[in-house]
Amino acid sequence: MTKPSNVFRMLALVAALCILSLYSQVPQPNGAGVEPGILPAKWIAGGPKCMEEPEWQIHEYNADLYILRESGCTHYEKPFLYVVFGDEKVTLIDTGAGQNDIGRVYDLVVSKWLKRKNRTSIKKMVIHTHGHGDHIAGDPQFQNRPDIEFVPFDIPTIQKAFGIAEWPESTGKLDLGGRTLEIVPIPGHHATDVAFYDKRTGLLLIGDTLYPGRLYVTYWDQFEKSIERIVRFTNGKIITHILGCHIEQSDTPYLEYPIGSFYQPKEHALELSRGHLLELHQALVGLKGKPTRLAFRDFTIWPLGPDVRGEMSSTRKATEDRLRPKMWNQTP
Ligand SMILES: [Zn+2]
Ligand SMILES: [Zn+2]
C-alpha cells in the first residue's frame, strides 16, 4: 500500500509542477524576446531515389544556428546534428551515423558562415549529446585535428569541459562568446546524455531523451530522475522547441515507422514542445517505477532489456530486407 506521506508528496509535486509551468509564459505573445528561427516543412527522408538524395540536408534555423540531417540512404538512423555559432567559438553537436563525411560538411558550414560575416576565423569545437554509435561515428574525422577542440563523451571529460561539479545533479555551461549554452546532465537513455539549452533562441537540444519516436530507456531510475530534473530546469524558461536527434514517428498519431526504416516519406515534424516533456513526466510518475512500453500520440516510452534488443534486431532486419532492394527507386 502507498504510504499517505508518499501520496501527499506526489500530489504536492503535481501541484507544484502545474503552478511552476505557468512561469514558462510571457505576458504578451510578442516573440518572448528570443531570436526566431525557421524549421522546414519537410526533411530529407532517405528517398524515393537514393541516387538523387543529398547525403546531408543543411538547414538554416537562423543565421547563427544550423541543423544537419543525415540521409537515410547513408544510415537508417538518419540523425539530426546541430551547429551553434557564438562570437568566438562554434560547436558541432554530434558527428553522425555510419560512414559519413561530417568533417567536410562542418568545415563547409563554418567557411560559408565566415564569408557571410566577413570574418577569417573562429574557434571550432565538437561535442556530443551522448555516446551512442549513431552520434559519434564521425569522431575520428575530428580527433587529432589541431584546429578543433574535440570533447570525447566520457563523464569526467564532459564534467571538466562544461564545469559540471556533481554528475548528474549539477548543470554546466559552454561559453561560445556572447552566447552561453546551459548544459544539463540527463542520463537514462545512455549513461552520458546531456541536454543543451540555448537562451538566445529558446531551443532545448535534448538528444535521444525526447523526440518523435521510440524513447529507448536503458537505465529506468536515472531516466525518471533526469526527466524530473529537466522539467524543473525548464520551469520559468522560454522553450520555443524541444529538438531531439531522430524522427521515427509518422505524421499519423500513434503510428511509427519500424526500426530500420531509412525511407520515411510521411514522417512527423522534428520539433516537440514543453507540453510533450510534461506529458512524458506525467507518464513516468503514473508508471510508479515500473518499466513499461507505452505509446503516446507523438512518442513511445520503450524500456530496453535483453529480450527487447532481440525483438528490435529482428524487426530491423525484416524492415531492411523489405526496403533495401528498392532503395534506388522507392514508391513515395
Ligand atoms: Zn542514443
Ligand atoms: Zn540516436
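In each ligand, atom 1 is the first atom listed, and ligand 1 is the first ligand listed.
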Look at His246 and state whether any of its N, O or S atoms is less than 2.8 Å from the Zn ion (ligand 2).
yes
Residue Asp208, metal the Zn ion (ligand 1), N/O/S under 2.8 Å:
yes
Please find out if the Zn ion (ligand 2) and some N, O or S atom of His135 are separated by less than 2.8 Å.
yes
Does the pair Asp147/Arg145 count as a salt bridge with the N-to-O cut at 4.0 Å?
yes
Check this for me: Asn144, atom CG, are more than 12 non-hydrogen atoms of other residues, nucleotides or ligands nearer than 6.0 Å?
no
Strictly below 4.0 Å, N to O, side chains only: are Arg116 and Glu60 in salt-bridge contact?
yes
Charged N to carboxylate O below 4.0 Å: is that the case for Asp107 and Arg104?
no
Lys/Arg N to Asp/Glu carboxylate O, Lys78 vs Asp134, below 4.0 Å:
no
Could you label the plane-to-plane angle of the His135 and His130 rings as parallel, tilted or perpendicular, counting under 30° as parallel and over 60° as perpendicular?
tilted
Looking at His132, the N, O or S atom sitting nearest the Zn ion (ligand 1) is ND1
Look at His130 and state whether any of its N, O or S atoms is less than 2.8 Å from the Zn ion (ligand 1).
yes
Measure from the Zn ion (ligand 2) to every N/O/S atom of Asp134 and report the name of the nearest one.
OD2
Looking at the Zn ion (ligand 1), is one of the N, O or S atoms of Cys245 less than 2.8 Å from it?
no
Any N/O/S atom, backbone or side chain, of Glu77 lying under 2.8 Å from the Zn ion (ligand 2)?
no
